[in-house]
Amino acid sequence: MKLATWNINSLNMRLVRVLDWLAASATDVLCLQETKLEDATFPRLEFEAAGYRCVFTGQRTYNGVAIIWRSDVGEATDVAAGLPDFADQAKRVVAATIAGVRAVCLYVPNGQSIESDKYRYKHDWCRATTAYLRREVAVHASLAVVGDFNIAPEPRDVHDPALWDGHVLFSEPERAVFRDWIGLGLVDSFRLFEQPPNTFSWWDYRMLAFPKNRGLRIDHVLLSRSLAARCTSCRIDRNARKGEKPSDHAPVVVELAP
DNA sequence: ATGGCTGCTTTGAGCAGA
């Protein structure tokens with residue numbers, strides 16, 4: 001199974017790009033963040049016509065998450081939207097079990113800046129998610145927690161660690177959250193393999209950040225131990241960041257052996 | 001170390017993103 005995560009920064013703007021990428025990459029299950037679409041306007045029929053199924057929870061303008069999978073992979077079960085025990089207007093979580101793999105798709109709050117109320121919200125949201133993931137790990141042996149985490153876990157995940165030190169996305173409390181989630185029994189699939197140095201998943205639209213490769217690795221695929229044992233590759237498809245009207249994020253793709 | 005893009009908005013300057 002090929003499983004991927006991608007923040008597409010408006011599915012409305014990038015539906016064709018997503019469909020093209022799905023086909024070209026032969027991805028079986030794709031988790032999307034920042035769809036920015038209410039459920040009533042989600043392009044379900046377009047995905048179905050292309051041979052995929054989908055589950056989604058969204059809102060206009062901000063947030064919105066979805067899971068897209070090839071129809072021939074099977075049905076989804078135990079679909080769940082949102083975090084239990086955390087009242088949140090923002091649509092940031094959707095989960096489903098597909099072909100025996102529990103996929104949890106997260107769009108972690110950005111946090112804006114460490115002085116911001118949004119940073120406090122990010123902290124509270126992440127704490128609620130820790131409790132949620134603890135239960136998911138206990139229930140699902142084959143678990144993949146994927147998405148836009150808005151956290152760069154280590155200095156090597158940041159183009160200029162000294163510049164970013166202490167700033168939102170790379171502050172110590174955020175990195176501690178990432179370690180907490182790893183501590184639940186999850187594995188950062190990207191680090192299972194040798195990777196080219198300076199591999200990132202997000203680049204600012206401004207300041208020629210992408211051509212200069214001034215990016216961050218903030219999109220992640222965490223795998224339970226049994227799925228990590230099946231994982232044969234993890235790569236970030238930076239080609240998907242190129243061309244006309246790209247998202248500012250690139251997809252992260254893992255392959256899982258049967 | 002700002003803002004520089006981009007998408008979106010009961011539409012056009014302000015916001016949020018990361």
Side-chain angles (χ1 to χ4, degrees), chain A residues 5-18 21 31-43 56-66 88-93 105-126 129 146-178 190 198-220 236 238 240-252:
Chain A
T5 180
W6 196 5
N7 179 322
I8 32 79
N9 183 22
S10 170
L11 185 54
N12 197 36
M13 287 295 296
R14 267 171 278 284
L15 176 60
V16 171
R17 183 180 274 263
V18 168
W21 185 85
C31 296
L32 295 175
Q33 301 86 41
E34 285 210 84
T35 57
K36 303 187 180 181
L37 289 175
E38 289 179 314
D39 293 350
T41 55
F42 194 91
F56 42 84
T57 179
Q59 61 192 100
R60 66 174 200 168
T61 314
Y62 305 116
N63 309 312
V65 286
D88 192 7
Q89 300 303 312
K91 306 296 189 186
R92 298 182 176 277
V93 182
C105 174
L106 301 180
Y107 176 43
V108 177
N110 171 280
Q112 198 166 61
S113 71
I114 62 169
E115 303 84 9
S116 168
D117 291 343
K118 295 190 174 79
Y119 186 81
R120 165 58 53 180
Y121 163 67
K122 181 178 192 175
H123 173 81
D124 295 342
W125 189 96
C126 286
T129 298
V146 314
D148 177 358
F149 286 39
N150 273 317
I151 300 170
E154 295 179 67
R156 59 182 167 165
D157 300 313
V158 178
H159 68 89
D160 186 342
L163 177 69
W164 280 87
D165 184 39
H167 288 75
V168 74
L169 313 183
F170 191 53
S171 72
E172 178 49 34
E174 293 165 279
R175 296 167 64 187
V177 166
F178 188 91
F190 186 78
N198 304 309
T199 298
F200 308 120
S201 68
W202 169 84
W203 301 260
D204 200 304
Y205 282 123
R206 299 166 293 184
M207 257 187 78
L208 301 174
F210 181 66
K212 293 179 176 173
N213 198 30
R214 296 173 62 85
L216 306 178
R217 190 175 72 95
I218 55 175
D219 301 86
H220 304 293
I236 296 174
R238 82 190 305 280
R241 179 63 171 75
K242 298 176 180 172
E244 288 292 306
K245 294 269 179 195
S247 169
D248 44 357
H249 295 251
V252 186

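To find a chain, count down the sequence lines: A is the first, B the second, and so on, and within it residues start at 1. All values reported here derive from a predicted model rather than from experimental measurement.
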>> I'd like the C1' distance from dG3(B) over to dG14(B), given in whole Å.
In response: 16 Å
>> Using OP1 and OP2 only, check whether a side-chain N or O of Tyr107(A) sits under 4.0 Å from dA18(B).
In response: yes
> Which nucleotide, dA18(B), dA16(B), dC8(B), lies nearest any side-chain atom of Tyr62(A)?
Replying inline: dA16(B)
>> Closer than 3.5 angstrom, by distance alone: can the side chain of Arg92(A) be matched with the main-chain N or O of Leu106(A) as a donor-acceptor pair?
In response: no
> Within this structure, what is the CD-to-C1' distance between Gln112(A) and dC15(B), rounded to whole angstrom?
Replying inline: 9 Å
>> Categorize Ile218(A) for me: base, sugar-phosphate, or nothing, with a 4.0 angstrom heavy-atom threshold over every strand shown.
In response: sugar-phosphate
> Which whole number of Å gives the distance between the P atom of dT6(B) and that of dT10(B)?
Replying inline: 22 Å
>> I need the CZ-P distance between Arg14(A) and dG7(B), as an integer number of Å.
In response: 5 Å
> In whole angstroms, how far is the P atom of dT6(B) from the NZ atom of Lys245(A)?
Replying inline: 6 Å
> More 5' along DNA chain B: Leu169(A) or Leu11(A), using each one's nearest nucleotide?
Replying inline: Leu11(A)
>> With a 4.5 Å cut-off on side-chain heavy atoms, are Ile218(A) and Phe200(A) touching?
In response: no
>> Val252(A) and side-chain contact (heavy atoms from CB on, under 4.5 Å): which single residue from Val146(A), Asp148(A), Asp219(A) fits?
In response: Asp219(A)
>> Strictly below 4.0 Å: does Asn7(A) bring a side-chain N or O up to OP1 or OP2 of dA18(B)?
In response: yes
>> Closest-nucleotide mapping onto DNA chain B: is Tyr205(A) or Val168(A) further toward the 5' terminus? I mean the 5' end.
In response: Tyr205(A)
>> Please report the distance, rounded to the nearest Å, between CG in Asn110(A) and P in dT6(B).
In response: 18 Å
> Below 4.0 angstrom from OP1 or OP2 of dC8(B), is there any side-chain N or O of Ser10(A)?
Replying inline: yes
> Any chance the side chains of Thr41(A) and Glu38(A) put a donor and an acceptor closer than 3.5 Å?
Replying inline: no
> Which nucleotide in the set dC8(B), dA18(B), dT6(B) lies at the smallest distance from any side-chain heavy atom of Asn150(A)?
Replying inline: dA18(B)
>> What is the separation between atom CZ on Arg217(A) and atom P on dA18(B), rounded to the nearest whole Å?
In response: 17 Å
>> Whole angstroms only, please: what is the NE2-C1' distance between His249(A) and dA16(B)?
In response: 12 Å
> What integer distance in Å separates Leu208(A):CG from dT6(B):P?
Replying inline: 11 Å
> Between dC8(B) atom P and Asp248(A) atom CG, what is the distance in whole Å?
Replying inline: 12 Å
>> Can you tell me which nucleotide in dA18(B), dG7(B), dT9(B) comes closest to the side chain of Asn9(A)?
In response: dG7(B)
>> Is Arg60(A) close enough to dT10(B) that one of its side-chain N or O atoms is under 4.0 Å from OP1 or OP2 there?
In response: yes
>> With rounding to the closest Å, how many angstrom separate the C1' atoms on dT11(B) and dC15(B)?
In response: 14 Å
> Which of residues 151-158 of chain A have a heavy atom under 4.0 Å from DNA chain B?
Replying inline: none
> How about Lys122(A): does its NZ atom have over 12 heavy atoms from other parts shown lying under 6.0 Å from it?
Replying inline: yes
> Rounding to the closest angstrom, what is the interatomic distance between dT2(B) and dA18(B) at atom C1'?
Replying inline: 16 Å
> Which of parallel (below 30°), tilted (30 to 60°) and perpendicular (above 60°) describes His249(A) and Trp202(A)?
Replying inline: tilted
> Heavy-atom count around Gln89(A) CD within 6.0 Å, excluding the residue itself: above 12?
Replying inline: no
>> Please identify which of these residues, Asn7(A), Leu11(A), Val65(A), meets the side-chain contact (heavy atoms from CB on, under 4.5 Å) condition with Glu34(A).
In response: Asn7(A)
